[in-house]
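Excluded from the calculations below are hydrogen atoms, water molecules and symmetry mates; all remaining heavy atoms, backbone and side chain alike, are included.
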Amino acid sequence: MVRAAQAADWAMSRGIASLTTVELAGLLGVPVSQVPQRMSVPKKRGEWVTPARGLWVPVSPEFRGWGGPPATESIVPLTRHLDVSYYVGWLAAAAVHGAAHHAPQVTHVAVSRLVRDRRVGRADLRFHTREHVDVLPGEERMTRAGPYRISTPEVTALDLASDIALAGGLVNAATVIVDLADEAGLVDATLAGLTCWYPHAAARRVGWIMETFSEYQLDSLADQVAKGPANPARLHPSQPLTGKLDHRWRLRINAEVEVE
């Protein structure tokens, strides 16, 4: 048995990324009902966070002043505890791929079922239900809590183009997509193969952005776009359907874009 005051250091020294309330009760040698009381002082000292009911995550000393571990170290035990499939996406994934000018203030996560948003220390976690989380390709990155899953560069680009608001606006989305191409590379055939999981507008925006602001030529993606509806999509989703029509991408250029 371990005393509550030493429990966090005990867990981390053994590579234990999280404990359930039942497991913690066994470790402390107390009834489950007494765990919150026994752990109240260590939790106030920042040694533990509870990102979900029944889940306890130890916090390493360097992050106790933050009130919790980095977002990626919270997501691993949290999604495992909730038994949901996920990937870290949008600007957070772009940053991992080296394509963000500023560290994102919010971590957006695609999940296979509804999960409520929450703050874990400084980490602001926003969850978005997506039907095809298990189908879309991902990559693994390591943390002390274990490997976590992020979207591939191609999935990241299509997510950003699909959800302009989550990307921080059209200009920021375009800037990050071009940076993704420069830093991580975007494969034309891979983008084309992913279009079946996304709105037509997302593929059209990615194609237009890439060919307008980079040296990429996305013929496979253009072929997929040509098989879609003839009606033009909007470059900016909330602006009127006006402006010049780009025939190759079937996209109405209804906003000005300058990549930063």
Quick one: ring-ring contact (aromatic ring centres under 6.0 Å, His included) pairs with a partner in residues 24-47, sequence neighbours left out?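 For residues 24-47, and leaving out neighbouring residues, there are no ring-ring contact (aromatic ring centres under 6.0 Å, His included) pairs at all.
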
Only pairs at least two apart or in different chains count here, so list each ring-ring contact (aromatic ring centres under 6.0 Å, His included) that has a residue in residues 126-146.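 Applying ring-ring contact (aromatic ring centres under 6.0 Å, His included) to every pair that reaches into residues 126-146, excluding sequence neighbours, yields W90-H128, H108-H128, H132-W197.
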
What's the separation between atom [atom1] in [X] and atom [atom2] in [Y], rounded to the nearest 0.5 Å?
X	Y	atom1	atom2	answer
T242	R234	OG1	CZ	8.5 Å
I164	L235	CD1	CG	7.5 Å
T129	E131	OG1	CD	10.0 Å
H97	S151	NE2	OG	5.5 Å
R250	N231	CZ	CG	9.5 Å
L136	L158	CG	CG	9.0 Å

Sidechain-backbone polar pair: [X] side chain, [Y] backbone, donor-acceptor under 3.5 Å:
X	Y	value
R252	A233	no
H236	S238	yes
E23	T20	yes
E154	V187	yes
R204	L251	no
E47	V59	no
H81	V76	no
N254	P240	yes
S214	Y216	yes
D163	A165	no

Looking at residues at least two apart in the chain, or sitting in another chain, which of them share a side-chain hydrogen bond (donor to acceptor under 3.5 Å, both in side chains) with [X]?
X	value
D124	R126
R80	none
R64	D9
S74	none

Between T72 and T143, do the side chains contain a donor N or O and an acceptor N or O under 3.5 Å apart?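 Side-chain D/A pair, T143 to T72: absent.
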
For the residue pair Y87 / D159, report whether a side-chain donor-acceptor contact shorter than 3.5 Å exists.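 A donor-acceptor contact under 3.5 Å links the two side chains.
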
Return yes when atom [atom1] of [X] has more than 12 non-hydrogen atoms of other residues, nucleotides or ligands closer than 6.0 Å, and no otherwise.
X	atom1	value
Q105	CD	no
M142	CE	yes
R53	CZ	no

Is [X] linked to [Y] within one hydrophobic cluster, defined over Ile, Leu, Val, Met, Phe, Trp and Tyr using a side-chain heavy-atom separation of less than 4.5 Å?
X	Y	value
M12	L55	no
V178	L166	yes
V109	V135	no
L91	V88	no

Would you sort out whether Y86 and R149 count as a side chain to side chain contact (heavy atoms under 4.5 Å, CB included), showing the intermediate values? CA-CA 7 Å; Y86 78 97; R149 190 167 182 257; 4.1 Å; yes

Derivation and outcome, side chain to side chain contact (heavy atoms under 4.5 Å, CB included), residues V171 and E258: CA-CA 6 Å; V171 171; E258 292 184 6; 5.7 Å; no

Quick one: does [X]'s side chain get under 4.5 Å of [Y]'s, heavy atoms only?
X	Y	answer
L180	L160	yes
T50	K43	yes
E183	V176	no
L78	R118	yes
P137	L194	yes
E73	P70	yes
V155	Y198	yes
V225	H200	no

Could you please spell out the steps behind the side chain to side chain contact (heavy atoms under 4.5 Å, CB included) verdict for V111 and V133? CA-CA 6 Å; V111 287; V133 170; 5.6 Å; no

Could you tell me which residues satisfy side chain to side chain contact (heavy atoms under 4.5 Å, CB included) with S112, sequence neighbours excluded, listed by chain and number?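 With neighbours one apart ignored, the set is V84, S85.
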
List in chain and number order the residues that pass side chain to side chain contact (heavy atoms under 4.5 Å, CB included) with E62, two or more places apart in sequence or in another chain; answer none if no residue qualifies.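 Once residues adjacent in sequence are excluded, the partners of E62 under the side chain to side chain contact (heavy atoms under 4.5 Å, CB included) criterion are S60, R144.
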
[X] to [Y] - nearest heavy-atom pair and separation:
X	Y	value
V257	A174	CG1-CB, 3.9 Å
P104	A95	CD-CB, 3.9 Å
S18	V57	CB-CG2, 4.1 Å
A167	N172	O-ND2, 2.7 Å

Given a cutoff of under 4.5 Å between side-chain heavy atoms of I, L, V, M, F, W and Y, with clusters grown through shared members, what are the other residues clustered with V2?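 V2 clusters with W10, I16, L19, L24, L27, L28, V30, V35, M39, W48, W56.
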
So, using ring-ring contact (aromatic ring centres under 6.0 Å, His included) as the criterion, who are the partners of W208 when residues are at least two apart?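 ring-ring contact (aromatic ring centres under 6.0 Å, His included) list for W208, sorted by chain: F213.
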
Which residues pass the ring-ring contact (aromatic ring centres under 6.0 Å, His included) test with F63, sequence neighbours left out?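 ring-ring contact (aromatic ring centres under 6.0 Å, His included) list for F63, sorted by chain: W66.
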
Got a sec, which residues hit salt bridge (Lys or Arg N to Asp or Glu O under 4.0 Å) with R3, two or more places apart in sequence or on another chain?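 None.
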
CA sep, side-chain torsions, deciding dist, call: D219, R248, side chain to side chain contact (heavy atoms under 4.5 Å, CB included): CA-CA 10 Å; D219 292 331; R248 174 172 169 83; 2.9 Å; yes

Which is it for D83 and R113 under the salt bridge (Lys or Arg N to Asp or Glu O under 4.0 Å) test, yes or no, and what are the steps along the way? CA-CA 10 Å; D83 192 26; R113 63 174 175 81; over 6 Å; no

